[in-house]
Amino acid sequence: MQIFATVLGGQPVQIKAPRAGAFDPVAFHATFPSGGVYGLDTESTAFTKLAQWDPDFRLRLVQIATKDTAYVLDMTDVHQQTAARNVLTDQANTFISHNNVDVLSAAVHLDADITRRNWDTLVLASMAFTDRMAGRDLKTLTTELIGPELEAAEAALEAHFYELYAAAHPELGKRKAAKDKVQRYGWDTVASDHPAYVLYAGLDAIAAHHLAEKLVPLTGATATLIETEMWLAGEANRIQLRGSLVDKAMLEELAAEANTAAGDAEAAILDLTGLKARSPKLIGWFGEHGAVWDAWESMGGDLTDTGNPSLAKDNAKLLSLFEMDEVGARVREAYLTFKAHQDKVLKTNAVREHLAPDGRVHSTLKTIGAATTARMSSTDPNMQNFSKEDPRTRGMFVPAPGHVLLSCDFDQVELRVVAALAGEQVMINAILAGDDLHTLSAERINRPRSIGKMANFLIVYGGGGRALASQARIPRDDADAAVSAWRAAYPAIASLNQRMMGLTSEIRTVSGRRLEVGKLKNGGSRAYANINYLIQSSARDLLVDAWHRFATAYGRADMVWMPIHDELVLEVPEELVEQVSREIEECMTFDFLGVPISATAAVLRDEAGVSRWGK
DNA sequence: TGCCCTTGCGCG
DNA sequence: AAAGCGCGCAAGGGCA
């Protein structure tokens with residue numbers, strides 16, 4: 001066994017790395033008695049798109065640590081693997097790891113489910129440092145809060161990776177290899193017992209332990225809030241482990257159709273213009289062939305953030321209104337085809353790339369991923385932005401056999417949240433009476449319902465007269481007047497907005513979670529966004545609350561398929577649909593500061609009656 | 001070629 | 001007086 005005596009944060013620590021075939025399980029288990037809290041870290045081969053589900057993924061090391069001793073276990077040794085599994089599966093043990101990677105690896109590659117016995121330091125760090133951790137990562141945070149030894153060990157390992165890479169690629173000569181390639185090569189090939197690897201691996205597991213302890217007080221959160229967030233992170237891991245079943249036939253049909261159509265269109269555009277279909281220069285090219293962009297807004301076209309004509313969604317169809325020359329018309333036709341299929345190409349590509357051998361996509365759900373508001377976010381692929389336009393885009397996801405997908409949406413939750421937080425009695429009365437809030441606003445500002453609706457959303461997003469004027473296509477002074485009227489109509493919300501704008505240090509959501517106040521990239525103030533952060537984030541808290549009740553009071557945790565901000569999509573056994581529909585509606589229906597929050601459940605089925613994901 | 005930034009667009 | 005929010009992702013494009 002290799003034993004390294006070193007220091008972390010100035011304190012002596014020991015790292016023990018048993019040799020394959022020479023492992024003493026008795027000494028190991030004596031170090032980690034049942035009922036403990038242990039730091040956990042794992043090292044593996046480099047990640048691909050399929051991550052732990054890649055057939056070539058190998059779990060290489062598992063490190064388990066007390067606060068001063070780490071064992072670095074070599075997974076090529078079956079005895080060390082068994083020992084790791086024994087400690088991980090012991091239901092009396094709790095673990096602290098740096099993110100979800102170790103939890104997923106343990107589940108997929110050691111058949112050890114610690115999803116409900118793990119504390120995640122990344123979630124704690126995100127709660128403690130609400131400013132996106134001010135650009136820090138867990139390694140630099142460890143240096144700051146504990147000591148420099150882990151980062152030093154990481155640097156030493158990286159130096160070794162460069163040596164390995166250079167030795168394997170002599171043709172490189174003095175040219176510097178791309179860091180990404182070096183890293184990948186290093187993680188794949190470094191010897192399991194190399195001192196730099198073992199030292200770094202062991203220190204990280206010990207550091208997890210210490211980091212959690214330092215971070216908890218820095219979150220400024222109650223024990224309840226921290227436990228809720230740790231629970232939520234665990235549920236997110238369970239969702240990722242379960243994954244989302246893909247209807248491969250539908251995926252391939254959609255991919256083939258979209259790739260053919262978009263590919264032909266792109267080729268035609270390139271042929272006729274010399275430009276790529278997504279080139280920003282294409283706007284100018286159309287201008288030279290008959291498009292009159294100055295008229296775009298008056299034609300009903302939207303602008304992008306930078307003031308260019310937007311060609312998103314229905315906007316593209318407006319191109320047809322231009323009198324174009326012959327080649328312009330041909331390019332336009334190809335461009336419309338390209339736009340109609342572009343999103344389907346991107347999404348089918350994403351699903352294909354992430355489709356695991358088990359026929360599922362195991363997207364990552366970050367429970368505190370939205371740094372600004374802590375809304376949950378989804379990656380690899382992002383399941384929260386699949387288009388609703390073509391039913392096959394969402395429809396390529398299907399429930400497991402014998403199950404249906406069921407969606408339950410909050411009803412206008414953000415407006416209700418702001419009404420409740422502000423104590424806006426006019427609005428609350430309307431909600432209690434079941435009146436339409438957009439009509440209410442329209443009446444109170446003496447404008448059409450459509451303007452009332454826009455004004456309602458604008459205030460939630462912190463917008464003003466300029467935004468209303470551009471969205472509603474009304475004169476600026478009229479829009480300013482409408483905004484003033486809206487504020488006069490809802491004085492309590494206007495007053496809440498004033499209070500939020502006055503905040504300089506932090507915002508507290510309904511759960512007591514801290515948020516950063518609105519800031520511009522250059523550090524300037526964006527105080528007007530504060531009310532939006534409060535609303536968005538509080539709505540997120542309410543969804544998590546409802547989810548927690550669904551999981552605990554009804555024991556339905558494993559039915560949650562995906563949260564989408566104001567909606568929970570469930571995967572429910574066919575025979576329980578009626579019952580679970582009632583349960584989820586009950587969980588998502590409650591009183592919030594005197595305001596009823598409600599939700600509506602619906603089974604998702606396609607036109608043929610087959611349950612698949614949809615709107 | 002790699003790296004970084006910007007832009008546009010899907011969802012809520 | 002003035003201020004539309006939050007994400008993830010792919011592609012374009014400038015630069016070394």
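So you know, we letter chains A, B, ... as the sequences are listed, proteins then strands, and number each from 1.
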Kindly indicate whether a cation-pi arrangement holds for A/K347 with A/F386, taking the cut-offs as under 6.0 Å to the six-membered ring centre and within 45° of the axis.
-> yes
Does the side chain of A/R476 get closer than 4.0 angstrom to OP1 or OP2 of C/dA1 through an N or O atom?
-> no
Could you tell me which nucleotide pairs with B/dG12 by Watson-Crick or G-U wobble geometry, both distances under 3.5 Å, or answer none if nothing does?
-> C/dC5
Which whole-number value in Å describes the distance from A/D305 CG to C/dG4 C1'?
-> 10 Å
Give A/I531 one of three labels, base, sugar-phosphate or nothing, depending on what nucleic acid heavy atoms sit under 4.0 Å from its own.
-> nothing
Closest to side chain of A/N382, choosing from B/dG12, B/dG10, B/dG8 = B/dG10
With respect to the side chain of A/Y528, which nucleotide from C/dC5, B/dG10, C/dG8 is positioned closest?
-> C/dC5
Base, sugar-phosphate, or nothing: which does A/R394 touch, judged by heavy atoms less than 4.0 Å apart?
-> sugar-phosphate
Answer yes or no: side-chain N or O of A/Q471 and base N or O of C/dG4 forming a donor-acceptor pair under 3.5 Å.
-> yes
Tell me whether the centres of the aromatic rings in A/F322 and A/W293 are closer together than 6.0 Å.
-> yes
Between B/dG10, C/dG6, C/dG8, which nucleotide has the shortest distance from any of its atoms to the side chain of A/R526?
-> C/dG6
Winner on side-chain proximity to A/Q536, out of B/dT7, C/dG12, C/dC5, is C/dC5
Flag the pair A/R476 and A/D480 as a salt bridge only when some basic side-chain nitrogen lies within less than 4.0 angstrom of an acidic carboxylate oxygen.
-> yes
Specify the separation, in whole Å, of atom CZ of A/R278 and atom P of B/dG10.
-> 10 Å
Identify the residue among A/L241, A/L355, A/T48, A/V361 that makes a side chain to side chain contact (heavy atoms under 4.5 Å, CB included) with A/W53.
-> A/L241
For A/K179 and B/dT1, is the shortest distance between a side-chain N/O and OP1 or OP2 below 4.0 Å?
-> no
Please tell me which of the listed nucleotides, B/dT7, C/dC9, C/dG4, lies nearest to the side chain of A/D380?
-> C/dC9
Out of B/dG2, C/dG12, B/dC9, which nucleotide sits closest to the side chain of A/A178?
-> B/dG2
Winner on side-chain proximity to A/S387, out of B/dC11, C/dG6, B/dC3, is B/dC11
Return the nearest nucleotide to the side chain of A/N532; candidates are B/dC9, C/dC5, B/dG2.
-> C/dC5
First of A/K281 and A/K49 reached from the 5' end of DNA chain C, by closest nucleotide | A/K49
Establish, with yes or no, whether the OP1 or OP2 oxygen of B/dC9 is under 4.0 angstrom from a side-chain nitrogen or oxygen of A/S310.
-> yes
Could you work out which one of B/dG12, C/dG8, B/dT7 sits closest to the side chain of A/H565?
-> B/dG12
To the nearest angstrom, the OH-C1' distance between A/Y461 and C/dC7 comes to 12 Å
Do NZ/NE/NH1/NH2 and the carboxylate oxygens of A/R392 and A/E253 come within less than 4.0 Å?
-> yes
A/F457 side chain: which of C/dC9, B/dC11, C/dG4 is closest?
-> C/dG4
Compute the centroid of each ring, for A/H169 and then for A/Y185, and state whether the two points are separated by less than 6.0 Å.
-> yes
